[in-house]
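Structure provided below as structure tokens; questions to follow.
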Amino acid sequence: MDFRLNEEQLAFQKHCRAFAVEVMRPAAAEYDRTQAVPYDIVKKAREWGLQGLETIQKMGSDPDGLYSVIYSEELHYGCAGLALAISGSSLAAAGIASSGTPEQIARWVPECFGLGDEIKFGAYAVTEPSARSDVRSLRTTAKRDGDEWVLNGTKVFISNGGIADVHVVVATVDPELGHRGHASFIVTKDTPGFRQGKKEDKLGIRASQTTELILEDCRIPLDQLLGGVEKLDKKLERARSGQRSGASGALATFEITRPFVGASALGIAQAAFDWTLDFLEGVEDEAGPVLDQQRVQQVIADVATEIEAARLLVWRAAWMGRNGVPMTGGQGSMSKLKAGDVAMWATTTLMDLVGPEASLADHPLEKFFRDAKIYQIFEGTAQVQRLVVSRMQVAEHRGRKTVDDETAAAAQEGVGSIVGDAAQAVA
Ligand SMILES: Cc1cc2nc3c(=O)[nH]c(=O)nc-3n(C[C@H](O)[C@H](O)[C@H](O)COP(=O)(O)OP(=O)(O)OC[C@H]3O[C@@H](n4cnc5c(N)ncnc54)[C@H](O)[C@@H]3O)c2cc1C
């Protein structure tokens, strides 16, 4: 076992950190204030080789599986909102890659990024006002009408909503079948009947646009059903005849992808930690330099230890996923759960340590604190991660090596599916 990064990994980490510090940090406060779409930063990320199709391909080239988590952590070290604006399109691309036919992948994945200098965006739309953590109750419908699908419904909290060129929309073709009646469709931004709804004014990750999406008699060609009609018909037939689909790949897929989300949270925690040490350097009170005081050292040690523990979980899960080691104990979900909780706890704890200055917009710590919260909410909430880990631990304890469909469906709650698909593509 060797925990050291190799030369290529170290060079990649350094490159990502340079982009985070030199390009993202100086722009972060302004985009956080205005919530404008950071086209210029996304374009720069492309120029630095940190955005687009080639970047995704690079992630898969590391046999240790660490490029992806290094990338996520370092870009989030710069600014979580900008990082999501840069990397968010990969969710749609991954959804296409995991469900589409080879022809659909070749046609639509490049449309999520644009080629050469052209910048395009993708969005992945699952969440609805009445289908949140429990995606089994999706109400957006897709009905076949001759050579077209007709989609109706409202999606909420969609990253890249309103700016995406390509949207992967998950809808139900048979509500009675629950999650087994779902299918994914490609909807392009200029489709009649498709429009952006409310743009959300958020607590954190404000450089990443989040909106409602509204579909009203939105007609799309038949071939924009991902995977094709024949495959869908077979799936529906199996579900209607009550056949089980065997051990679900979904649960395994989410395990593979959750470490990337955990790594994002880690980037925020590490940024908050580093900023705090810099800020406290040279600060003195009546007891002397604060960094020499034992009460302060207790806190610094705890925060550093928690961050390191979360990073070890994230790296281990990333390595397991890349090397096909089954995460039957929920190791992927554990890493996201731990890193999300650590980011929220660390930013809160460091604010307490710094004192009132920490809450001022003059310093980035209050922004790190605001940005951290989302990592306990999206891509499967912390509570949902706990359900998944608990169920997998119990199943493993009982000696089962696979979990049944019902458990897998529970694990799909929330937008975990987005990350699952993303990892699938990256892997
Ligand atoms: C900024 C942002 C960006 C997003 N981007 C996207 C996107 O691009 N695409 C997309 O489809 N969605 C997106 N989402 C939606 C996101 O994935 C959902 O917020 C997520 O599914 C969780 O749903 P919820 O927050 O509505 O929680 P709810 O499902 O409403 O749950 C409320 C609370 O109850 C808890 N809870 C629910 N069920 C249980 C249970 N069984 N046991 C214990 N506790 C439970 C939850 O953990 C949560 O704390 C985004 C959300 C945000 C805020």
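Atoms within each ligand, like the ligands themselves, are counted from 1 in listed order. Count residues from 1 along the sequence.
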Q.
Looking only at the side chains, is there a donor atom on one of Q298 and D302 sitting less than 3.5 Å from an acceptor on the other?
A.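 Result is no, nothing qualifies.
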Q: Give the single entry among I374, V168, T211 that approaches atom 2 (C) of ligand 1 most closely by any heavy atom.
A: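 Among I374, V168, T211, the closest heavy atom to atom 2 (C) of ligand 1 belongs to I374.
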Q: Taking atom CG of D147 as the centre, report whether more than 12 heavy atoms of other residues, nucleotides or ligands fall under 6.0 Å from it.
A: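 No, because the 6.0 Å sphere around CG of D147 holds 12 heavy atoms or fewer from other groups.
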Q | Distance flag, aromatic centroids of Y71 and F19, threshold under 6.0 Å | A |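 Between F19 and Y71, the centre distance exceeds or equals 6.0 Å.
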Q) Looking only at distance, does L91 have an N or O less than 3.5 Å from an N or O of ligand 1? A)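 No; every N/O pair is 3.5 Å or more apart.
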(Q) What I want to know is whether T210 and ligand 1 share at least one N or O pair that is separated by under 3.5 angstrom. (A)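 Such a contact does not occur with ligand 1.
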Q. For ligand 1, which atoms, with element, lie under 4.0 Å from some heavy atom of L387?
A.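 Going through ligand 1 atom by atom, the ones under 4.0 Å from L387 are 40 (C), 41 (N), 42 (N).
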Q: From atom 49 (O) of ligand 1, work out which of E379, R206, Q383 has a heavy atom at the shortest distance.
A: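 Looking at heavy atoms only, the winner is Q383.
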Q | Basic-acidic side-chain contact under 4.0 Å: E111, K120 | A |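 A salt bridge is present here (some side-chain N lies under 4.0 Å from a carboxylate O).
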Q. Among I158, I377, I205, V384, which one has a heavy atom closest to atom 19 (O) of ligand 1?
A.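 It is I377 that holds the nearest heavy atom.
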**Q.** Side chain, backbone, both or neither: the part of N160 lying under 4.0 Å from ligand 1 by heavy atom
**A.**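 It is neither part, as no heavy atom is under 4.0 Å.
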Q. Near T381, which atoms of ligand 1 are under 4.0 Å from a heavy atom of that residue?
A.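 Every atom of ligand 1 under 4.0 Å from some heavy atom of T381: 22 (C), 46 (C), 47 (O).
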Q: Please check if atom NZ in K43 has more than 12 non-hydrogen atoms from other residues, nucleotides or ligands closer than 6.0 Å.
A: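 No, because the 6.0 Å sphere around NZ of K43 holds 12 heavy atoms or fewer from other groups.
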Q | No-hydrogen, no-angle side-chain donor-acceptor test under 3.5 Å, T154 and E128 | A |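 E128 and T154 do not have a side-chain donor-acceptor pair below 3.5 Å.
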Q.
Can you confirm if the aromatic rings of W275 and F368 lie within a centre distance of less than 6.0 Å?
A.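 No: the rings miss the under 6.0 Å criterion.
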(Q) I'd like to check whether V126 has a polar contact with ligand 1, where a contact means an N/O of the residue lying under 3.5 Å from an N/O of the ligand. (A)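 Yes.
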(Q) One residue to check: K202. Relative to ligand 1, which of side chain, backbone, both or neither has a non-hydrogen atom less than 4.0 Å away? (A)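 For K202, only side-chain atoms sit under 4.0 Å from ligand 1.
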